[in-house]
Novice: 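So that we are looking at the same thing, I have put the structure below in structure tokens.
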Amino acid sequence: MEQGTIIRSIGDYVLRRVNEEDIPSVVSVNLVTLPEHYSDFFYYELLRNFPEGFIVAEKGGKIVGYIMCRIEYGFSFFKFNIVRKGHIVSIAVLAEHRRKGLGEAMMLEAMEAMKKRGCEEAFLEVRVSNHPAISLYKKLGFKEVRRIPFYYRDGEEALVMAKPL
Ligand SMILES: CC(C)(COP(=O)(O)OP(=O)(O)OC[C@H]1O[C@@H](n2cnc3c(N)ncnc32)[C@H](O)[C@@H]1OP(=O)(O)O)[C@@H](O)C(=O)NCCC(=O)NCCS
């Protein structure tokens, strides 16, 4: 599948793979939705490394949400061995487009892409106070596997949540 390919529609929205030209819009969504920001280089690097795991939600040509992921190797959260894991690095939907199923759909598509890349597990970090996101991840079968105190710059603790794929 090429960059920019439409994956599916949800009402007036489409989910599609990211193009390099989309990165500035993705950065804009990140800036207004999350306190965690990244260098431009980081976005292009994720796109280069795992393009199928970098998906946007778009309506009328405007990007309203994104998910970006990375493939990693490391200790399994569920078994005693080293596995290939899909790391959900960041996901966000603009406030006025939430609760329409976009976050869930982007997660499901990203996890399909991880499976196709041979990942056995998916995982992510989330602020302990982020109830909407934690509800979304629980709905998709993610479980808390550990906590990391002071993970975020403001000192908040992170939940690490993971799910076998
Ligand atoms: C988390 C986020 C991406 C969810 O996106 P979304 O498109 O609104 O999510 P969906 O509409 O697909 O919701 C799917 C499910 O998640 C749960 N959920 C989502 N928002 C919720 C909320 N505000 N309260 C409770 N549950 C919620 C529900 O179970 C929901 O299913 P339902 O609508 O059938 O009840 C969105 O709230 C967001 O961008 N938040 C700011 C950025 C952020 O916190 N990102 C996560 C960082 S780890």
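Just so you know, residue 1 is the first one in the sequence shown, and it goes up from there.
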Novice: Are K139 and E104 packed together at the side-chain level, in the sense that at least one heavy-atom pair is separated by less than 4.5 angstrom?
Specialist: yes

Novice: Are any of the side-chain heavy atoms of L46 and V89 separated by less than 4.5 Å?
Specialist: yes

Novice: Do the side chains of E144 and V160 get nearer than 4.5 Å, heavy atoms only?
Specialist: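 No, too far: nothing below the 4.5 Å cut-off.
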
Novice: Relative to each other, are the rings of Y66 and F54 parallel, tilted or perpendicular (30° and 60° limits)?
Specialist: tilted

Novice: Does the side chain of M106 come within less than 4.5 Å of V93's, by heavy atoms?
Specialist: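 Touching, per the 4.5 Å side-chain cut-off.
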
Novice: Less than 4.5 Å apart, any side-chain heavy atom of V29 and any of L94?
Specialist: yes

Novice: Just wondering, do K100 and I10 contact through their side chains at under 4.5 Å, heavy atoms?
Specialist: no

Novice: Donor-acceptor check, side chain of E109 to backbone of L15, threshold 3.5 angstrom: yes or no?
Specialist: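 No, because the side chain of E109 does not come within donor-acceptor range (under 3.5 Å) of the backbone of L15.
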
Novice: Are Y152 and V128 grouped together when hydrophobic residues (ILVMFWY) are joined by side-chain heavy atoms under 4.5 angstrom apart?
Specialist: no

Novice: Are the side chain of S76 and the backbone N or O of F78 linked by a donor-acceptor pair below 3.5 Å?
Specialist: yes

Novice: Salt bridge check, E157 against R127: does any charged N sit closer than 4.0 Å to a carboxylate O?
Specialist: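 The answer is no: the pair does not qualify as a salt bridge.
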
Novice: For Y44, I'd like to know if atom OH has over 12 heavy atoms of other residues, nucleotides or ligands within 6.0 Å.
Specialist: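 Correct, the count exceeds 12.
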
Novice: Rounded to the nearest 0.5 Å, how far does CG of L102 lie from CD1 of I91?
Specialist: 9.5 Å

Novice: For A133 and V126, which heavy atoms make the closest approach, and how far apart are they?
Specialist: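 Nearest pair, atom of A133 first, then V126: CB-CG2, 3.9 Å.
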
Novice: With a distance cut-off below 6.0 Å to the six-membered ring centre and an angular limit of 45° from the axis, does K85 pair with F77 as a cation-pi contact?
Specialist: yes

Novice: Are F75 and L159 connected into the same hydrophobic cluster when the rule is that any two of I, L, V, M, F, W, Y join if their side-chain heavy atoms are below 4.5 Å apart?
Specialist: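 No, L159 does not connect to F75 through the hydrophobic network.
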
Novice: Please round to the nearest 0.5 Å and tell me the distance separating atom CG of L136 and atom CG of N130.
Specialist: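 Separation between the atoms: 9.5 Å.
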
Novice: Quick one: are N49 and I71 in side-chain contact, heavy atoms under 4.5 Å?
Specialist: no

Novice: What distance do Y137 atom OH and K143 atom NZ have between them, rounded to the nearest 0.5 Å?
Specialist: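 Between atom OH of Y137 and atom NZ of K143 there are 16.0 Å.
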
Novice: Restricting to non-hydrogen atoms, name the atom on L140 and the atom on K163 that form the minimum distance, rounded to 0.1 Å.
Specialist: O-NZ, 2.9 Å

Novice: Flag yes if V32 and M68 sit in one hydrophobic cluster, no otherwise; membership is Ile, Leu, Val, Met, Phe, Trp, Tyr, and two members link when side-chain heavy atoms are under 4.5 Å apart.
Specialist: yes

Novice: Salt bridge or not for R16 and E58, using N-O below 4.0 Å?
Specialist: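 Yes, this pair counts.
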
Novice: What are the two closest heavy atoms between M114 and I88, and how far apart are they?
Specialist: CE-CG1, 3.7 Å

Novice: Are I134 and L124 connected into the same hydrophobic cluster when the rule is that any two of I, L, V, M, F, W, Y join if their side-chain heavy atoms are below 4.5 Å apart?
Specialist: yes

Novice: Grab the two heavy atoms, one from F123 and one from A162, that are nearest each other, plus how far apart they are.
Specialist: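 What the structure gives for the nearest pair is CB-CB, 3.9 Å.
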
Novice: Ignoring hydrogens and angles, tell me if any N or O in the side chain of N19 forms a donor-acceptor pair with the backbone of E21 under 3.5 Å.
Specialist: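 Pair absent, no side-chain N/O of N19 close to backbone of E21.
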
Novice: Using 0.5 Å steps for rounding, measure from the CZ atom of R8 to the CG atom of L108.
Specialist: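 Those atoms lie 7.5 Å apart.
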
Novice: Go through E112 and E52 one step at a time and tell me if the side chain to side chain contact (heavy atoms under 4.5 Å, CB included) criterion holds.
Specialist: CA-CA 9 Å; E112 272 310 305; E52 320 89 282; over 6 Å; no

Novice: How long is the span from the CD1 atom in I23 to the OH atom in Y43, to the nearest 0.5 Å?
Specialist: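 The distance works out to 8.5 Å.
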
Novice: Check for me, please, whether V83 and V145 land in the same ILVMFWY cluster - side-chain distances under 4.5 Å, paths through other members count.
Specialist: no

Novice: Are R84 and E120 ion-paired here, with the side-chain N under 4.0 Å from a carboxylate O?
Specialist: no

Novice: Checking side-chain polar atoms at under 3.5 Å, does S90 have a donor or acceptor matched by the opposite partner on E36?
Specialist: no

Novice: Quick check: closest heavy atoms across F142 and A122, and the distance to 0.1 Å?
Specialist: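 So the minimum-distance heavy-atom pair works out to CE2-O, 3.6 Å.
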
Novice: If you compare all heavy atoms of D22 against all heavy atoms of R17, which two are closest, and at what distance to 0.1 Å?
Specialist: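 So the minimum-distance heavy-atom pair works out to OD2-O, 4.2 Å.
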
Novice: Is there side-chain contact between V27 and Y38, with at least one heavy-atom pair below 4.5 Å?
Specialist: no

Novice: What's the spacing between C119 SG and E72 CD if we round to 0.5 Å?
Specialist: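 Spacing of SG (C119) from CD (E72) equals 9.5 Å.
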
